[in-house]
Protein chains: 2
Amino acid sequence: MQSQAEPYGLRERKKARTREAIQEHALALFAERGYDATTVDAIAAAAEVSPSTFFRYFPTKEDVVLHDRYDPLLLGAFDAQPPELGVIAALRATMQEVLGSLPAEEVERERQRATLILSVPELRARSLDQLASTMAAFASEIAQRAGRDAEDPAVRNMTGALIGVSLAALLGAAADPASSYLELLDASLAHLEAGLPL
Amino acid sequence: MQSQAEPYGLRERKKARTREAIQEHALALFAERGYDATTVDAIAAAAEVSPSTFFRYFPTKEDVVLHDRYDPLLLGAFDAQPPELGVIAALRATMQEVLGSLPAEEVERERQRATLILSVPELRARSLDQLASTMAAFASEIAQRAGRDAEDPAVRNMTGALIGVSLAALLGAAADPASSYLELLDASLAHLEAGLPL
DNA sequence: CTCCCAAATGGAAGTTACTATCAGTATTCT
DNA sequence: AGAATACTGATAGTAACTTCCATTTGGGAG
């Protein structure tokens with residue numbers, strides 16, 4: 001009977017708040033003291049939960065940093081692109097839609113997160129693995145759009161090249177803090193679309 | 001005064017033998033019980049060294065699997081390709097030379113190693129990170145061959161695409177045990193050279 | 001409103017990867 | 001042969017996880 005209804009019960013809301021509290025305090029501590037120098041116990045203490053609770057919300061320390069919600073957004077947007085677009089064009093449009101609509105504040109947070117991830121070997125490695133599995137999820141959509149089988153080597157190569165080029169753009173964006181990942185990525189994909197002329 | 005001279009002193013030879021013993025027993029145990037179920041202590045015991053010695057030879061448990069000697073071989077061979085070859089053609093030739101000259105026995109060992117790596121998340125993640133840094137090492141050679149600066153976005157994209165396509169071939173080879181990685185990789189690079197027609 | 005069940009929490013105890021230190025032993029050099 | 005040096009093993013410690021159990025808290029039924 002409240003005027004502005006929160007969608008779920010008290011329990012759910014509390015859980016969401018706990019999760020956010022842990023993540024927030026963790027990122028703050030990482031920024032302050034560094035990733036390795038911050039223990040899970042310290043994070044738990046800062047968020048005022050027990051260490052066991054920390055691991056209930058995040059299976060590993062890495063996951064506090066790595067967890068995000070972009071995959072389903074990107075996949076959904078890619079699927080919704082007009083079928084007459086080629087694979088690369090559809091991906092470019094997807095990125096423009098999804099990343100372009102992010103508030104400036106979130107873009108900045110994401111940049112910081114990327115910097116942290118790239119600077120910590122464990123995080124970097126796991127996030128590459130994530131990227132690979134994200135792209136594997138794209139593979140079937142790509143196959144469909146290209147009218148090919150998902151096992152087709154051509155599809156696999158295209159998917160691989162897309163990973164590689166996205167990664168290259170990400171590294172480029174990380175190297176230059178003034179740059180925009182979205183712009184770099186779009187330019188890189190255009191370059192790929194043109195056959196990677198050197 | 002021995003007739004067949006070992007190239008180095010006793011100390012070096014002993015170290016090399018210890019290193020190999022550790023690696024060999026580790027891989028055998030991994031194959032037998034699985035990676036996670038095999039503790040470092042168990043490996044050390046099997047190789048008849050102390051756990052501390054294990055970590056002197058391999059900084060982490062992962063490194064026992066991940067360590068190999070291909071990077072310098074590949075880089076050297078790439079550098080030695082005739083300058084009139086384009087980047088992709090030079091890489092194809094490099095792979096033919098280096099991988100093509102491996103004894104069948106080693107090819108088989110490498111296949112098993114790849115299977116293990118792909119099946120264990122930590123190993124997979126770290127090996128992707130290794131792949132990225134290998135390709136970064138290639139980037140300057142690629143830039144030189146293309147007559148471009150190492151920071152050039154076109155070079156970065158090309159390098160990224162090469163990573164991606166190699167990875168795609170690797171996954172393809174892992175999926176089909178009867179296939180040859182070298183052949184798949186060569187076909188994939190040819191496909192990239194042709195502009196990835198779908 | 002109360003009772004009851006299910007879910008969330010905290011705490012304790014254990015495992016494993018990894019680090020640091022240090023004393024003892026083996027190898028190499030002179 | 002003796003001194004300098006490198007390698008090894010043992011011990012103790014840290015931190016990331018896991019497992020288990022007792023306690024609390026929220027939600028629904030009567």
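For the numbers below, each heavy atom of this structure counts, side chains included, while hydrogens, waters and symmetry mates do not. Within every chain, numbering begins at 1; the chains are lettered A, B, ... in the order of the sequence lines, protein sequences first and strands thereafter.
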What integer distance in Å separates Glu62(A):CD from dA15(D):C1'? 13 Å

Give a yes/no answer on whether the side chain of Thr53(A) brings an N or O atom under 4.0 Å of OP1 or OP2 in dT9(C). no

note: Phe54(A), atom CZ; dG11(C), atom C1'; distance rounded to Å ~ 17 Å

Spacing of Leu123(A) atom CG relative to dA16(D) atom P, expressed in whole Å: 13 Å

Assign each of Val49(B) and Lys61(A) the nucleotide of DNA chain D bearing its closest heavy atom; nearer the 5' end lies the nucleotide of Val49(B)

Which part of the nucleic acid, if any, lies within reach of Pro59(A) when heavy atoms closer than 4.0 Å are counted: base, sugar-phosphate only, or nothing? sugar-phosphate

Is there a side-chain contact between Ser127(B) and Glu62(B), using heavy atoms and a 4.5 Å cut-off? no

Separation of atom CG in Asp63(B) from atom P in dA17(C), rounded to whole Å: 14 Å

Sugar-phosphate, base or nothing in reach of Tyr57(B), heavy atoms under 4.0 Å: sugar-phosphate

Is there a donor N/O on one and an acceptor N/O on the other, under 3.5 Å, for the side chain of Ser50(A) and the base of dG11(C)? no

Base of dA15(D), side chain of Thr39(A) - is there a donor-acceptor contact under 3.5 Å? no

Whole angstrom is fine here: how far is it from CZ in Phe55(A) over to C1' in dT15(C)? 13 Å

By nearest heavy atom, map Lys14(B) and Ser52(B) onto DNA chain C; which one lands nearer the 5' end? Ser52(B)

Could a donor-acceptor pair under 3.5 angstrom be found where the side chain of Arg13(A) meets the base of dG26(D)? no

Do Tyr181(A) and Glu110(A) have side-chain N/O donor and acceptor atoms under 3.5 Å apart? no

If each of Glu12(B) and Arg56(A) is mapped to the nucleotide of DNA chain C with the nearest heavy atom, which maps nearer the 5' terminus, i.e. the 5' end? Arg56(A)

What integer distance in Å separates Asp41(A):CG from dT18(D):P? 15 Å

With side chains defined as the heavy atoms from C-beta onward, is the minimum distance between Met95(B) and Leu74(B) less than 4.5 Å? yes

Measuring only between side-chain heavy atoms, which start at C-beta, is Met135(A) closer than 4.5 Å to Ser166(A)? yes

Side chain proximity check, Thr38(B) to Ile43(B), heavy atoms < 4.5 angstrom: yes

Counting only distance, no hydrogens or angles, is the base of dT28(C) paired donor-acceptor with the side chain of Arg11(B) under 3.5 Å? no

Could you tell me how far apart Glu48(A) (CD) and dA8(C) (P) are, to the nearest whole angstrom? 20 Å

Whole angstrom value for the distance that separates C1' of dT9(C) from CZ of Phe58(A): 16 Å

